[in-house]
Every structure is written in C-alpha cells, then in structure tokens.
2 protein chains.
Amino acid sequence: MANAQPTKLKILDAAEELFAENGFSETSTRQITKKAEVNLASVNYHFGSKNELIQAVIERYLEVLVPNISKELTDLENNNPNPTLEEVFSVFIRPILSLNQQRKNGTSILLQLLGRSYTDSQRHMRRFFLGNYGDVVTRFVALVYQAQPGLSASEIFWRLHFTLGTVVFTMASSGALMDIARADFDEDIAIEGVVKRLIPFIAAGVSAPR
Amino acid sequence: MANAQPTKLKILDAAEELFAENGFSETSTRQITKKAEVNLASVNYHFGSKNELIQAVIERYLEVLVPNISKELTDLENNNPNPTLEEVFSVFIRPILSLNQQRKNGTSILLQLLGRSYTDSQRHMRRFFLGNYGDVVTRFVALVYQAQPGLSASEIFWRLHFTLGTVVFTMASSGALMDIARADFDEDIAIEGVVKRLIPFIAAGVSAPR
DNA sequence: GTCTATAATAAGATAGAC
DNA sequence: GTCTATCTTATTATAGAC
C-alpha cells in the first residue's frame with residue numbers, strides 16, 4: 001500500500017517544509033494538515049498545539065545534529081592539539097551538510113528553520129538552544145579561541161554571531177540566490193556550492209585583523 | 001498643545017517600531033493604532049490596507065536613504081579613481097548610520113525592516129527594491145569590482161549577499177547581542193560600536209582569497 | 001478626518017461520535 | 001487514532017453617523 005507512514009511523521013514532514021518556506025505564523029495548521037493529507041484535528045491530537053509542533057519540528061533536527069557535532073568536537077579535542085580555524089568550523093559544517101543525505105533539502109531546511117526561529121520566536125528559541133545545547137557552544141568557542149588566540153572572548157562572541165547571521169540569512173534566501181545565479185551567471189549550484197563559497201568568506205571574517 | 005502630530009505620522013512611527021520588533025504578520029493594526037493612540041479605522045483610511053502601510057513604512061526610509069547613497073556614489077565615482085574597499089562600503093555605511101540622527105534608533109529599525117521584508121514578504125520587496133533602486137545597486141557593484149578586480153561578477157554577487165545577511169541578521173538581534181555583551185563582557189556599546197566591529201569582518205570576507 | 005459598530009473571514013482549538 | 005462539526009477568538013476591512 002502507498003500510505004503506510006504514520007500520521008505524526010506526515011505532519012512533521014509537511015510542517016517543516018511549510019515553516020521553512022513561509023515562516024511559522026504564516027503557516028496555518030489547515031495548510032499543514034492539507035499538505036500532509038491528514039485530518040485537521042490530528043495536529044492538536046498528536047502535538048497538543050501549533051507551538052509544540054514548531055518545537056517538535058526543530059527538535060527532530062537538533063536531536064540528530066547535536067550528538068554528531070559533539071562527537072566531532074571530541075575527536076578534535078582529543079586528536080588535534082593545534083587545529084586550524086577551518087578544521088574547527090568543519091566540526092559544524094560536516095554534520096550540517098550530512099543532513100542533506102538524511103532528508104531531502106535537510107541542510108537548507110534546518111538552517112532556514114534556525115533563522116526563522118531566531119527572528120520569529122526569538123527569546124524562546126535562544127533560551128531553549130543555549131539551555132539544551134550550551135555545552136557544545138562552549139566547547140566550540142574554546143576551539144575557536146585556540147585557533148585564533150589573538151582574539152578576545154568578546155571579539156569571538158561578536159564574530160561568531162556575525163557568522164551565524166551570514167549563514168542563516170544566506171540559507172533563508174538560498175532558493176532565490178540560486179535562481180539568480182542560474183539566470184545571471186549561468187551557474188547551476190546546489191547547497192554544497194553555496195557552502196563552499198561561504199567558507200572562505202567566513203574564515204576571513206573571523207580571522208580578520210582589527 | 002501636546003499632540004499636534006498628524007495621525008498619518010503617528011501611525012508610521014508606531015508601526016515601524018512594532019514591525020521591526022515583532023515582524024509584519026505578528027503585528028496587528030489594532031496594536032498599531034493603540035500604540036499610536038489613534039482610531040482603529042485610521043490605518044485603512046490613510047493607507048488603504050495593512051500591506052500598503054508596510055510599504056509606506058519602508059519607503060519612508062528608502063526615500064531619504066537612497067538619494068544620500070546615490071550622492072555618495074557620485075562623489076566617489078567622480079573624485080576617486082581608485083577607491084579602496086573600505087571607501088566603497090562607506091558609501092552605504094555613512095548614510096545608514098546618519099539615519100540614527102534623523103530618527104531614534106533609525107539605523108537598527110531600517111536594517112531590521114529590511115531583514116524582515118527579505119524573509120517575510122520576500123518576492124514583493126526584492127522586486128520593489130531592484131525595480132526602484134536598481135541603479136544604485138549596479139553602481140555600487142561596479143565600485144566593488146573596481147576595488148577588488150580579482151573577483152568575478154558571480155563572486156561579488158555571492159559575497160555581497162553574504163554581507164547583507166551578516167548586517168541584517170546582526171541588526172535584527174542587535175538588542176539581544178548588546179545585552180549579552182553588557183552582561184558577559186561588561187561592554188556597553190551602541191549601534192555604532194556594532195557597526196565598527198562589523199566592518200573588519202565584512203571587509204575581510206569580501207576580499208578573501210578563494 | 002474621526003469615530004462606533006459591525007461585517008467577513010480565518011485562525012487555533014476541542015467535544016464527542018465512530 | 002480519526003473524523004465532523006463547532007466554539008472561540010482575533011484579524012482585516014468597511015459602512016455610515018458625526
């Protein structure tokens with residue numbers, strides 16, 4: 001039979017696409033259940049509320065992503081006493097790119113969701129993220145400092161936020177950007193191509209002189 | 001008397017703050033008219049619809065900003081045959097920072113609005129912007145190319161979008177970032193301080209080797 | 001131009017049969 | 001777990017008196 005997927009999963013799949021494309025408040029539960037081909041009431045039955053559905057969509061990604069990042073951090077901490085900035089960033093980049101193999105457009109969907117949750121529902125997400133995954137952030141910052149000992153903690157703080165902005169915003173408009181690149185420069189690049197262009201930009205920015 | 005400001009202006013002032021802080025669709029006309037202390041019906045009377053109000057809020061900024069940028073571009077084009085990257089960027093930075101003198105928090109409000117309009121109402125704004133102010137963009141890109149002749153048109157395209165993302169996202173969360181900086185690093189910096197930190201990051205990114 | 005009252009619509013959520 | 005029907009609330013927008 002064609003439709004063996006459980007309702008809960010169908011909702012999550014439909015919701016993440018609509019959220020990433022149109023934003024949280026621009027997406028109604030009616031749109032979600034229609035796209036998922038399930039009953040209107042099932043969102044509230046399975047998730048309690050639209051807000052909890054939003055949380056669930058994001059957590060499904062972080063549950064996979066953060067342990068992977070943590071493992072990469074451990075590897076680097078144990079096996080590389082003097083990592084370069086690029087090696088440190090790869091700790092994030094590899095797991096994020098590998099989302100693309102686990103789910104169609106996984107990389108860009110997660111980054112768009114992150115961007116949306118930072119601007120749309122700001123406070124909740126920031127606290128949730130730092131609360132649940134603060135350890136990973138701390139260890140990452142420590143490695144950046146090791147790779148760029150010239151920078152003060154405050155400067156690393158600012159520059160990592162600049163980096164986050166660069167990545168998140170780029171991913172949020174990556175569809176449009178790839179379209180323009182195709183039309184204007186005859187370049188047909190995928191998300192990996194965008195990341196490849198992002199890395200030198202970010203690396204130079206983080207290690208810039210003051 | 002205390003309240004001589006015309007209704008239309010009171011609406012624009014209230015709307016821009018709420019839009020920047022909470023987003024377009026998260027802000028209702030009721031919130032706007034309440035904050036502006038005007039009648040509920042006046043938004044539709046003066047602007048026709050909420051959508052046209054959004055346009056008006058953004059246009060009020062661009063009408064001031066773009067001529068200033070254009071003038072700076074002309075100056076640079078005529079008087080400086082070999083501008084540095086930093087001189088080229090200043091063409092934008094100076095007019096954007098000067099918004100802060102014209103209106104309280106003008107700089108961060110405009111940049112937050114820009115960010116919101118890029119993600120929230122995507123297509124409309126992008127077309128509107130390129131349609132009405134495309135000339136300024138073209139001339140700016142030409143100057144960037146002149147300052148960095150090693151970069152291809154496609155690379156400039158990508159890196160300027162990365163830059164836009166960095167700036168817009170930073171400004172969208174600048175309030176929270178300044179709070180954290182104050183709490184964690186005992187730094188009390190204003191928007192100009194944020195911009196001062198942004199510039200080396202961006203300049204290094206744009207001029208990075210491939 | 002401003003106001004009240006109200007229309008028209010769409011949203012999130014739930015009760016209760018199956 | 002699923003479905004229909006419905007409730008409640010909030011929204012944008014407008015009609016019509018002043």
Side-chain angles (χ1 to χ4, degrees), chain A residues 1-60 113 116-117 119-125, chain B residues 1-60 113 116-117 119-125:
Chain A
M1 82 178 111
N3 221 358
Q5 229 187 3
T7 298
K8 205 169 169 176
L9 275 186
K10 288 199 273 188
I11 293 174
L12 285 170
D13 289 343
E16 70 171 24
E17 280 194 50
L18 290 170
F19 286 154
E21 189 165 349
N22 303 320
F24 298 119
S25 43
E26 289 79 4
T27 303
S28 67
T29 54
R30 286 176 160 80
Q31 288 175 270
I32 294 168
T33 52
K34 190 179 171 189
K35 176 165 185 152
E37 297 180 309
V38 299
N39 188 271
L40 170 61
S42 54
V43 163
N44 289 284
Y45 176 78
H46 284 283
F47 297 94
S49 69
K50 183 184 169 182
N51 252 319
E52 287 166 283
L53 171 59
I54 294 175
Q55 300 283 339
V57 165
I58 294 175
E59 279 189 57
R60 184 165 66 147
L113 290 176
R116 299 235 176 248
S117 55
T119 49
D120 287 16
S121 33
Q122 291 165 358
R123 41 215 142 248
H124 311 114
M125 277 314 297
Chain B
M1 71 179 121
N3 220 356
Q5 227 185 4
T7 298
K8 205 169 170 175
L9 274 186
K10 287 198 271 186
I11 293 174
L12 285 170
D13 289 343
E16 71 170 25
E17 279 194 51
L18 290 169
F19 285 154
E21 188 165 350
N22 302 320
F24 298 120
S25 41
E26 288 79 4
T27 303
S28 68
T29 52
R30 282 179 157 77
Q31 288 175 270
I32 295 168
T33 52
K34 190 178 172 190
K35 177 168 185 149
E37 298 179 308
V38 300
N39 188 269
L40 171 61
S42 55
V43 164
N44 290 282
Y45 177 79
H46 285 284
F47 298 94
S49 69
K50 182 183 168 182
N51 252 317
E52 287 165 284
L53 171 59
I54 294 176
Q55 300 284 338
V57 166
I58 295 175
E59 279 189 60
R60 183 166 65 148
L113 290 176
R116 299 239 174 241
S117 56
T119 50
D120 287 16
S121 35
Q122 292 165 355
R123 40 214 142 252
H124 311 115
M125 277 314 297

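Just so it is clear, the structure is predicted and the values come from calculations on it, not from any experiment. Per chain, numbering begins at 1; letters A, B, ... match sequence-line order.
Using modelled atom types, no side-chain atom of Arg30(A) and backbone atom of Leu40(A) make a donor-acceptor pair closer than 3.5 Å. Without hydrogens or angle criteria, Ser28(A) side chain to Gln31(A) main chain gives a donor-acceptor distance under 3.5 Å. Under a 3.5 Å cut-off, the side chain of Lys8(B) and the backbone N or O of Phe47(B) do not form any donor-acceptor pair.
Look at CG on Leu9(A): it is 15 Å from C1' on dG1(D), rounded to the nearest Å. Rounded to whole Å, the distance from CD on Glu37(A) to P on dC3(D) is 12 Å. Look at CD1 on Ile11(A): it is 13 Å from C1' on dC3(D), rounded to the nearest Å. Between the C1' atom of dC3(D) and the CG atom of Asn39(A) lies a distance of 5 Å, rounded to the nearest Å. When rounded to the nearest whole Å, the span between CZ of Phe47(A) and C1' of dG1(D) equals 14 Å. Taking atom CD of Glu26(B) as the reference point, atom C1' of dA10(D) lies 14 Å away to the nearest angstrom.
Lys10(B) and Glu37(B) make their closest contact through NZ-O, 4.1 Å (heavy atoms, listed as atom of the first residue, atom of the second, distance).
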Across nucleotides 12-18 of chain C, 5' to 3', mark each nucleotide with B, S or - according to how protein heavy atoms within less than 4.0 Å reach it.
BBB----
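Using a 4.5 Å cut-off on side-chain heavy atoms (C-beta onward), Arg60(A) and Leu9(A) make contact.
Applying the salt bridge (charged side-chain N to carboxylate O under 4.0 Å, His left out) rule to Lys35(A) yields the partners Glu17(A); only residues at least two apart in sequence or on another chain are considered.
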